[in-house]
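Taking it in order: structure first as structure tokens, then the write-up.
Start at 1 and go down the list; that is how both ligands and their atoms are numbered.
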Amino acid sequence: METRTQVGIIGAGPAGLVLAHLLRARGIDCVVLERQSRSYVEARIRAGVLEHGTVDLLTSLGLADRLHRERMVHHGIELLFERSAHRIPLTELAGREITIYGQHEVVKDLIAAWGGPLHFSVSDVSLSDLSFAPTISYVDASGVSQVLRCDVIAGCDGFHGVSRAAIPADVLRVHQRDYPHAWLGILAQAPPSSEELIYAHSPRGFALHSMRSPTVTRMYLQVRPDEDLAEWPDERIWAELRARLDRSDAGWSLADGPILERSVAAMRSFVVSPMQYGRLFLAGDAAHIVPPTGAKGLNLAVADVKVLADALSSFYATGDSAGLDAYSETCLRRVWRVQHFSWWMTSMLHPTGDDPFDLELQLSQLRYVTSSRAAATSLAENYVGFPFP
Ligand code: FAD
Ligand code: DHB
């Protein structure tokens with residue numbers, strides 16, 4: 001079977017789904033192809049911190065009604081080190097708030113509001129003729145081979161997708177840094193033990209206390225990249241969280257409860273440039289990965305597709321391809337700012353265990369950002385996110 005569309009979107013994560021809605025709002029046709037089933041993508045637990053710009057964009061598209069009802073708005077975060085908590089007043093310093101709302105809730109809202117073509121459980125996706133007549137071949141959920149001819153392909157298929165691999169290797173520059181740690185994440189049926197997020201540096205390693213609702217917490221522990229989840233029974237997870245989040249002020253305790261989900265995620269910094277080749281445009285995790293410490297990956301994916309949708313909109317309205325030609329350069333400016341911030345937060349908060357020099361540098365930096373208004377303001381403006389392009 002052969003069909004045609006203006007923009008073929010590979011991947012129904014935040015990048016692909018937000019792009020689809022942006023294009024529809026501008027009267028541009030698109031088809032979204034997703035390898036996983038609907039129930040899988042709607043249950044995939046990942047990010048939870050949305051920048052103001054991300055919320056504004058979803059609101060402007062009419063996609064944020066449930067978000068505004070259910071979200072938690074935060075105006076600060078805590079940095080905990082040497083068993084003392086120090087608040088960074090984000091809104092006071094940087095003028096913007098952050099929103100806590102699960103990525104999978106965003107995905108559910110975007111799918112529910114989408115009336116256009118979105119094909120789940122597709123397989124054998126491959127891309128061809130990227131220079132002039134881009135084509136996507138795939139097998140649909142009922143096993144029928146399909147060919148989708150497009151003007152443009154948006155590769156929104158995450159780090160392990162097929163889009164980036166369709167670009168000849170000698171065209172792409174890869175910038176990469178691996179870290180000697182991973183995050184063990186849990187979602188627990190337990191009320192948050194703090195009103196705001198706590199980023200904790202301890203001699204035992206980093207821990208993060210986050211949340212999803214007044215009854216559900218989301219927490220992370222720094223572990224080894226090859227950590228085996230089987231070695232982490234519930235009691236060990238709670239004991240380690242208690243030890244790392246421990247603070248000297250009396251009266252604080254960590255509420256626990258049944259663990260609903262757990263996983264280990266590797267940490268890496270990764271950027272390819274350019275983010276485009278012929279008529280293929282990469283967006284989100286397909287083009288770049290940040291370590292999660294800055295809470296930026298989802299927000300960066302949304303910023304990319306905003307740039308792409310604006311460029312496609314001018315292209316279809318006037319034939320002007322200047323925005324498309326500049327896509328990669330425009331996105332990479334933000335990508336590298338976010339890469340730096342995420343690397344910096346990661347370096348400051350994750351002890352490596354074997355180097356006393358590194359440890360003293362981390363503690364000095366933590367004392368500095370929590371005592372200098374200038375340094376705290378720099379952290380705050382990066383954390384809340386710069387305005388979207
Ligand atoms: P993805 O969400 O990976 O979506 C890609 C989609 O493409 C997937 O649905 C995938 O199934 C599909 N796909 C793959 N291959 C194919 C194929 N061949 N054909 C068709 N479809 C395909 N970011 C934040 O901003 N804030 C946070 O607080 C935060 N916390 C995080 C915590 C954890 C534990 C993790 C793992 C990530 C976190 N992130 C965070 C990062 C964020 O989740 C990602 O950056 C975000 O999911 C990127 O969106 P995307 O749409 O680019 O990619
Ligand atoms: C969450 C994830 C992050 O990566 C982060 O930096 C803060 C919060 C979360 O899942 O809630």
Hey, looking at [atom], which of [options] has the closest heavy atom?
atom: atom 33 (C) of ligand 1; options: Trp183, Tyr40, Tyr220; result: Tyr220
atom: atom 19 (N) of ligand 1; options: Ile45, Val290, Val125; result: Val125
atom: atom 13 (N) of ligand 1; options: Val264, Val338, Asp157; result: Asp157
atom: atom 15 (N) of ligand 1; options: Glu34, Met267, Arg46, Arg35; result: Arg35

Query raised in the report: Is the shortest distance from a heavy atom of Lys296 to ligand 2 less than 4.0 Å?
Result: no
Query raised in the report: If you measure from each heavy atom of Arg46 to ligand 2, is any distance below 4.0 Å?
Result: yes
Report summary line: When every non-hydrogen atom of Leu63 is compared with those of Ala113, the smallest separation belongs to CD2-CB, 3.4 Å
Centre-to-centre under 6.0 Å for [X] and [Y], is that the case here?
X: Trp343; Y: Tyr179; answer: no
X: His288; Y: Phe159; answer: no
X: Trp336; Y: His175; answer: yes

Closest protein heavy atom to [atom], given as residue, atom name and distance to 0.1 Å:
atom: atom 29 (C) of ligand 1; result: Ala47 CB, 2.8 Å
atom: atom 7 (C) of ligand 2; result: Tyr199 OH, 3.2 Å
atom: atom 8 (C) of ligand 2; result: Val49 CG2, 3.5 Å
atom: atom 1 (C) of ligand 2; result: Tyr220 CE1, 3.8 Å
atom: atom 4 (O) of ligand 2; result: Pro292 O, 2.7 Å

Requested in this report: Consider every N or O of Gly284 and every N or O of ligand 1, then say whether any pair is closer than 3.5 Å.
Outcome: no
**Report entry** Polar atom proximity, Val162 to ligand 1 (N or O, under 3.5 Å)
**Finding:** no
Query raised in the report: Would you call Met267 and Arg177 a side-chain contact if the rule is heavy atoms closer than 4.5 Å?
Result: no
Query raised in the report: Taking non-hydrogen atoms only, is Arg44 closer than 4.0 angstrom to ligand 1 via side chain, backbone, both or neither?
Result: side chain
**Report entry** Atom indices of ligand 1 within 4.0 angstrom of Gly11 heavy atoms, with elements
**Finding:** 6 (C), 7 (O), 12 (C), 21 (N)
Query raised in the report: Hey, are Trp232 and Glu227 close enough side-chain-wise for a donor-acceptor pair under 3.5 Å?
Result: yes
